[in-house]
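As structure tokens, the structure follows; a few thoughts come after it.
Reminder, nothing fancy here: chain letters follow the sequence lines and each chain counts from 1. Atoms considered below: every heavy atom in the structure, side chains included; atoms not considered: hydrogens, waters and symmetry mates. Everything quoted here is computed from the prediction, not taken from an experiment.
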2 protein chains.
Amino acid sequence: MTNARDVLFRTLADPTRRAIFERLCRQGEQTVGALTAQAGISQPAVSKHLGLLRQAGLVRDRHEGRQTHYSAQLGALAPLMDWTSEMAGFWEARFDQLEDLLKRMDQ
Amino acid sequence: MTNARDVLFRTLADPTRRAIFERLCRQGEQTVGALTAQAGISQPAVSKHLGLLRQAGLVRDRHEGRQTHYSAQLGALAPLMDWTSEMAGFWEARFDQLEDLLKRMDQ
DNA sequence: TCAATCAATAGCCATTTGGTTATTGATTTT
DNA sequence: AAAATCAATAACCAAATGGCTATTGATTGA
């Protein structure tokens, strides 16, 4: 019942987690250590957030020795954009209906 | 510290609440009773969701006798679109940097 | 006027969530 | 080989969240 869109919205809802994702978008690939250094929370907390971001498809990880590098997967934002324009579309459709109605009333 | 964007993401995170907003987008203005009839939760629960949606600027209410009509405020989605394209922008900027680097290496 | 209806609020409860510290497994470094 | 470092996992906890029932206030209908 809980689809990909639900997961996406829920994952992006937390400000700390979104900040981590934003940083990966702005600055590209980062290690867990680098992300922890500026997140203001503990390393395990950061790892947990990264795990959720990965489950949502928003980041991917790359292991290199004992470090793990994470990077943003921008494509994962597509459902978000789709949803937004879908909502905008409904709104416009209703606006057009109203316009038609007014046009008919005018005649 | 908790800005409008935070509120927006947090408000849209819950599937039930988002479904209510979607319905208002698709079908236009609805009363609390109409929304409750298909939400699968109690009237007070629906009212609570509507209260949060209103706080986020996603809906507005209109009182008419003892009924309250709610409608979607599409403009409130702008920060969401802005954020998404901002993220996409960062990604592209880094892509360009990479492209430049490769071009320089090629010479 | 009295009963019925509509929506908001109050008060409560179970679950989820985001954080912590402690530990473990794996890889480097000395 | 032993010590140090990095990131994931485990176990726990407090706070936030989303739901419920009961109630209230306001409006409408009989």
Discussion item. Using the rule given for salt bridge (Lys or Arg N to Asp or Glu O under 4.0 Å), can you reason through B:R5 versus B:D82, listing the C-alpha separation, both sets of side-chain angles and the distance that settles it, and then say yes or no?
Written reply: CA-CA 10 Å; B:R5 181 179 289 164; B:D82 292 347; over 6 Å; no
Response to the item:
Those residues at least two apart in sequence (or on a different chain) that pass side-chain hydrogen bond (donor to acceptor under 3.5 Å, both in side chains) with A:Q55 are none
Worksheet item: Do any of residues 26-38 of chain B sit with a heavy atom less than 4.0 Å from DNA chain C, and if so which?
Response: B:T31, B:V32, B:G33
Fill in: Between D:dT17 (P) and B:D6 (CG): distance, integer Å
12 Å
Worksheet item: Would A:V7 end up clustered with B:M87 when hydrophobic side chains under 4.5 Å apart are linked, directly or stepwise?
Response: no
Fill in: B:Q30 side chain near B:L24 side chain, heavy-atom distance below 4.5 Å
yes
Report, one line per pair, each donor and acceptor closer than 3.5 Å where one atom sits in a side chain of residues 44-53 of chain B; sequence neighbours left out.
| from | atom 1 | to | atom 2 | distance (Å) |
| --- | --- | --- | --- | --- |
| B:S47 | OG | B:Q43 | NE2 | 3.1 |
| B:H49 | ND1 | B:R17 | NH1 | 3.2 |

Worksheet item: Where along residues 57-73 of chain A does a heavy atom fall under 4.0 Å from DNA chain C?
Response: A:G65, A:R66
Fill in: B:L12/B:L77 under side-chain contact (heavy atoms from CB on, under 4.5 Å): CA gap, chis, key distance, verdict
CA-CA 10 Å; B:L12 292 173; B:L77 287 181; 4.1 Å; yes
Worksheet item: Quick one: do A:R10 and B:D14 make a salt bridge, cutoff under 4.0 Å?
Response: no
Discussion item. Please list all pairs meeting salt bridge (charged side-chain N to carboxylate O under 4.0 Å, His left out) that have one or both residues in residues 28-39 of chain B, counting only residues at least two apart or in different chains.
Written reply: B:E29-B:R62
Practice prompt. Check whether any side-chain N or O of B:T31 sits under 3.5 Å from a backbone N or O of B:A34 as a donor-acceptor pair, and report yes or no.
Written response: yes
Item to complete: In whole angstrom, give the distance that lies between atom CG of B:L50 and atom C1' of C:dA8.
Response: 11 Å
Worksheet item: Going 5' to 3' along nucleotides 17-23 of chain C, which nucleotides have protein heavy atoms under 4.0 Å from the base (write B), which only from the sugar-phosphate (write S), and which from neither (write -)?
Response: SSBBBB-
Discussion item. Do B:Q73 and B:L58 have side chains that approach each other closer than 4.5 Å (heavy atoms only, starting at C-beta)?
Written reply: no
